[in-house]
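Below: the structure, in structure tokens.
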Amino acid sequence: MKRINTVFVIILLVVTGCGGNKQSADAFITVDVTKSYPKKELILQDFMDVEYIPLETSDDFLTQSLVLAVGEDLIIVKNRVNDGDIFIFDRTTGKGLRKINRKGQGPEEYTSYQWVALDEGVGEMFVNDMPSGRILVYDLEGNFKRSFKHKEGALCVYLYNFDREHLICYDGFFDYDNKGSMHPFFLISKQGGSITKEIQIPFDEKITTLILKDGNAYGGLPEDHYPIISYLDSWILVEPSSDTIYSCLPDQTMKPLIVRTPSVQSMDPEVFLFMSALTDRYYFMVTAKKEYDFTTQKEFPGTNLIYDKQENSIFEYTVYNDDYVDKKRMSIKPSRPRPVNEDIVSWKLLDTYQLVESYKKGELKGELKEIASKLDEESNPVIMLIKHKK
């Protein structure tokens, strides 16, 4: 109880800036991760705008289309395999513009990457080569410009375009002794990689989401849930060890957004609370219990939750896509890329073989039906952008 009270005193009285020295006293909501909430069904198009982008398919542009970044004019995607290809498509038309591959062992090359941050304003890509511990900067033609090392001792798993001068990063390093960084969020200079701010999020003890057994680690962050989430011009920061989810504003002010109960520090096994996406009315969340079924290899059982700001209530939710005749159920996940124009809440990859099958069965309508009518099973996937409603 002492730990819980301490956390609440910190939240109620002190709201730190990203640099640790700014204060505010805005309200927050409370979520009980052990409680059962009433159910609510939503139609996606009632509260979000949807944009479908069929990517051009050609011999030079065959891709599994995992989205890395979305800008005003461009979409950057990659394949699931580590082949080094980076594809750039026109966002409006879906036309393939260029394919870049700088994979190699040289000083201007990456050995592998999972993450690319896009600064469309200056025409630069920041490629996170975790095996070498470097971030390499290229222009949008694939020409090398500069590189810099990760924070010493860090594994910079996630990085996004924070502002004109900075990237925001999350240190995903973990070892069995200290369980990872006590300050995993930080801002770095785009020019040289120097740390300009370590973001302070209070908690008592570092808790890993990994499940340790017989010297092995299982699990990690639940699928499709990230510690850094874009929301309009701000960032939502989720530290599993903390009872508070914070919003980091463009001026680097921090304010509490959500407080979870009971304290994660008091639970065994822990039940984590992660954010999925935010709109002007809804906060999408998910609980995740720290359990791993070694027989089925299923991990983190949990519940999809939504906070309705208009009703000031929490529900267990289901969302349906109204572009299907029978309203196809779908998930709302965080937007992994940092959208440059800030209108994108989330994205979804629509495999063409499934779209073609649904079209033949008469399951589609509207724009999605029109797009599917022009596809074949070998076409590139269709990118579905879920955007704030205008």
Side-chain angles (χ1 to χ4, degrees), residues 1-4 7-8 29-40 80 114 155 157-158 170-182 184-185 201-229 236-246 257-278 283-307 314-319 329-334 336 346 348:
M1 184 63 69
K2 182 177 179 181
R3 282 180 174 173
I4 299 174
V7 171
F8 271 92
I29 67 170
T30 302
V31 178
D32 186 338
V33 298
T34 65
K35 184 178 177 180
S36 295
Y37 292 97
K39 291 180 170 54
K40 189 182 190 75
R80 297 180 187 276
Q114 291 294 327
L155 180 62
V157 178
Y158 304 98
Y170 177 79
D171 177 7
F173 176 75
F174 167 84
D175 65 32
Y176 288 91
D177 295 325
N178 61 30
K179 300 181 181 178
S181 173
M182 295 295 287
F185 300 97
I201 293 182
F203 56 87
D204 288 338
E205 180 182 350
K206 185 73 175 183
I207 298 174
T208 177
T209 58
L210 293 173
I211 297 167
L212 309 178
K213 183 178 180 181
D214 300 329
N216 295 313
Y218 302 87
L221 284 175
E223 185 179 6
D224 291 332
H225 294 284
Y226 304 106
I228 303 175
I229 299 171
I236 309 304
L237 306 183
V238 184
E239 163 53 53
S241 305
S242 176
D243 293 331
T244 308
I245 294 172
Y246 289 91
L257 182 72
I258 295 172
V259 176
R260 50 79 48 78
T261 61
S263 171
V264 68
Q265 299 280 337
S266 69
M267 302 187 77
D268 186 16
E270 297 91 351
V271 177
F272 300 108
L273 181 68
F274 296 100
M275 296 298 300
S276 295
L278 297 90
Y283 296 164
F284 292 88
M285 303 167 281
V286 62
T287 63
K289 190 174 184 179
K290 190 176 174 180
E291 287 184 348
Y292 187 91
D293 189 319
F294 290 90
T295 302
T296 64
Q297 297 185 344
K298 291 183 178 180
E299 58 188 16
F300 293 105
T303 304
N304 291 321
L305 299 178
I306 187 172
Y307 170 67
I314 299 172
F315 302 90
E316 181 180 344
Y317 76 90
T318 304
V319 175
R329 183 171 178 168
M330 61 172 293
S331 62
I332 297 289
K333 65 179 182 178
R336 173 174 171 166
S346 182
K348 191 172 181 63

Give me the one residue out of N304, T34, L305 that meets side chain to side chain contact (heavy atoms under 4.5 Å, CB included) with T287.
-> L305
Does some side-chain heavy atom of E299 sit less than 4.5 Å from a side-chain heavy atom of E291?
-> no
Stepwise side chain to side chain contact (heavy atoms under 4.5 Å, CB included) test for K290 and T209 = CA-CA 7 Å; K290 190 176 174 180; T209 58; 5.9 Å; no
Side-chain heavy atoms of K39 within contact of T318, under 4.5 Å = no
With distance as the sole test, does R260 use its side chain to make a donor-acceptor pair with the main-chain N or O of S242 at under 3.5 Å?
-> no
Between F315 and Y37, is the gap from one ring center to the other below 6.0 Å?
-> no
Over all atoms of both residues, closest heavy-atom pair of Q265 and D204 | NE2-N, 3.8 Å
Working to the nearest 0.5 Å, report the span between CD of E316 and NZ of K35.
-> 13.0 Å
Taking the side chain as every heavy atom from C-beta outward, state whether I29 and V259 have any pair of such atoms under 4.5 Å apart.
-> no
Shortest non-hydrogen pair, V238 vs L273, comes out as CG1-O, 3.7 Å
Above 12 or not: heavy atoms from other molecules or residues under 6.0 Å from NZ of K40?
-> yes
So, for F300 and A288, which heavy atoms are closest and what is the spacing to 0.1 Å?
-> CD2-CB, 3.8 Å
Hey, mind stepping through I228 and I236 against side chain to side chain contact (heavy atoms under 4.5 Å, CB included) and telling me if it holds?
-> CA-CA 6 Å; I228 303 175; I236 309 304; over 6 Å; no
Do F284 and S346 come close enough that some side-chain heavy atom pair is under 4.5 Å?
-> no
Can you tell me how far the CE atom of M275 sits from the CG atom of L237, to the nearest 0.5 Å?
-> 11.5 Å
For the residue pair Y226 and Y158, categorise the inter-ring angle as parallel (less than 30°), tilted (30 to 60°) or perpendicular (more than 60°).
-> perpendicular
Close side-chain approach of Y283 to I306, heavy-atom, < 4.5 Å = no
Can you check whether V264's main-chain N or O pairs, donor with acceptor, with D243's side chain at less than 3.5 Å?
-> yes
Look up atom CD1 in I258 and atom CZ in F274, then write down how far apart they are to the nearest 0.5 Å.
-> 13.0 Å
Measure from the side-chain N and O atoms of S241 to the backbone N and O of I207, and report whether any donor-acceptor pair falls under 3.5 Å.
-> yes
Nearest heavy-atom neighbours spanning P227 and F185 | O-CE2, 3.6 Å
Got P262 and V33 here, is their nearest side-chain heavy-atom distance under 4.5 Å?
-> yes
Y246 side chain to E239 main-chain N or O, any donor-acceptor pair under 3.5 Å?
-> no
Measure the shortest side-chain to side-chain distance between I314 and V31 over non-hydrogen atoms and say whether it is less than 4.5 angstrom.
-> yes
When rounded to the nearest 0.5 angstrom, what distance separates CG in L278 from CD1 in I229?
-> 7.0 Å
Does Y307 reach the side chain of M285, with side-chain heavy atoms less than 4.5 Å apart?
-> yes
